[in-house]
Amino acid sequence: MPRASKSTRSSRPRWHWIITITWGVRYMETVTASGTCAPLPGKTRQEMYEWLYDRTVREAEATNAYVLFFSLEPDELCRADGAGP
């Protein structure tokens, strides 16, 4: 399973993620979570979405949550040699 720890030292590329969920009928609640992760080789974007959705819903203690926003992008802004992404 992917790791969400910022302190993990790994040769795997790190990905930055943001997810916003909302739930409730009469009183709507919204939560945005973000972080970085280093998925294991072979993981798909869909698997990462499902894992991060489940994690966020569980931590927010939400029920029947809907996703308002999701982003998963490489965390590295430029290569170590100073060249572009």
Side-chain angles (χ1 to χ4, degrees):
M1 200 36 64
R3 291 181 170 75
S5 170
K6 292 183 181 181
S7 63
T8 300
R9 302 266 182 206
S10 172
S11 61
R12 294 191 309 263
R14 297 202 61 78
W15 294 77
H16 178 260
W17 58 272
I18 302 171
I19 188 167
T20 300
I21 61 170
T22 190
W23 68 98
V25 176
R26 188 169 184 176
Y27 301 102
M28 300 295 287
E29 294 191 57
T30 303
V31 166
T32 297
S34 65
T36 60
C37 58
L40 295 173
K43 289 293 179 188
T44 66
R45 186 174 296 272
Q46 180 65 33
E47 289 171 323
M48 292 304 302
Y49 167 80
E50 292 169 358
W51 180 75
L52 292 165
Y53 170 82
D54 290 343
R55 177 180 184 262
T56 305
V57 165
R58 186 175 54 254
E59 288 180 4
E61 298 179 0
T63 56
N64 299 319
Y66 297 93
V67 175
L68 298 177
F69 179 80
F70 176 73
S71 174
L72 179 65
E73 299 181 10
D75 192 40
E76 185 176 340
L77 295 176
C78 61
R79 296 190 319 240
D81 62 7

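From a predicted model like this one, the values you see are computed outputs, not experimental measurements.
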Distance (rounded to the nearest 0.5 Å) between Ser71 OG and Trp17 CH2: 11.0 Å
Name every donor-acceptor pair, under 3.5 Å, that has one atom in a side chain of residues 20-31 and the other anywhere in the protein, sequence neighbours excluded.
| unit_1 | atom_1 | unit_2 | atom_2 | d |
| --- | --- | --- | --- | --- |
| Thr20 | OG1 | Thr32 | OG1 | 2.8 |
| Thr22 | OG1 | Glu29 | O | 2.9 |
| Thr22 | OG1 | Thr30 | OG1 | 3.2 |

Approximate separation, where rounding is to 0.5 Å, of Arg45 CZ and Glu73 CD: 8.0 Å
hydrophobic_cluster_shared for Tyr49 and Tyr66, side chain cutoff 4.5 Å: no
For Thr63, side-chain contact (heavy atoms from CB on, under 4.5 Å) partners two or more places apart: none
Neighbour count above 12 (heavy atom, 6.0 Å) for Asn64 CG: no
State, with a plain yes or no, whether a side-chain heavy atom of Trp51 is found less than 4.5 Å away from one of Glu47. no
Ala38 and Arg14: which non-hydrogen atoms are nearest, and at how many Å? CB-NH1, 3.5 Å
Where Leu52 and Thr56 come nearest, the two heavy atoms and their spacing: O-OG1, 2.8 Å
Is there side-chain contact between Pro39 and Arg12, with heavy atoms separated by less than 4.5 Å? no
Nearest 0.5 Å, please: how far is CD in Glu50 from OG1 in Thr44? 7.0 Å
Kindly indicate whether the side chain of Trp15, heavy atoms from C-beta on, has any atom under 4.5 Å from the side chain of Lys43. no
N/O donor-acceptor pair under 3.5 Å between Tyr53 side chain and Ala65 backbone: yes
Using the rule that two of Ile, Leu, Val, Met, Phe, Trp, Tyr join whenever any of their side-chain heavy atoms come within less than 4.5 Å, decide whether Ile18 and Leu68 are in one cluster. no
Counting only heavy atoms not in Glu59 (residues, nucleotides, ligands), do more than 12 fall under 6.0 Å from its CD? yes
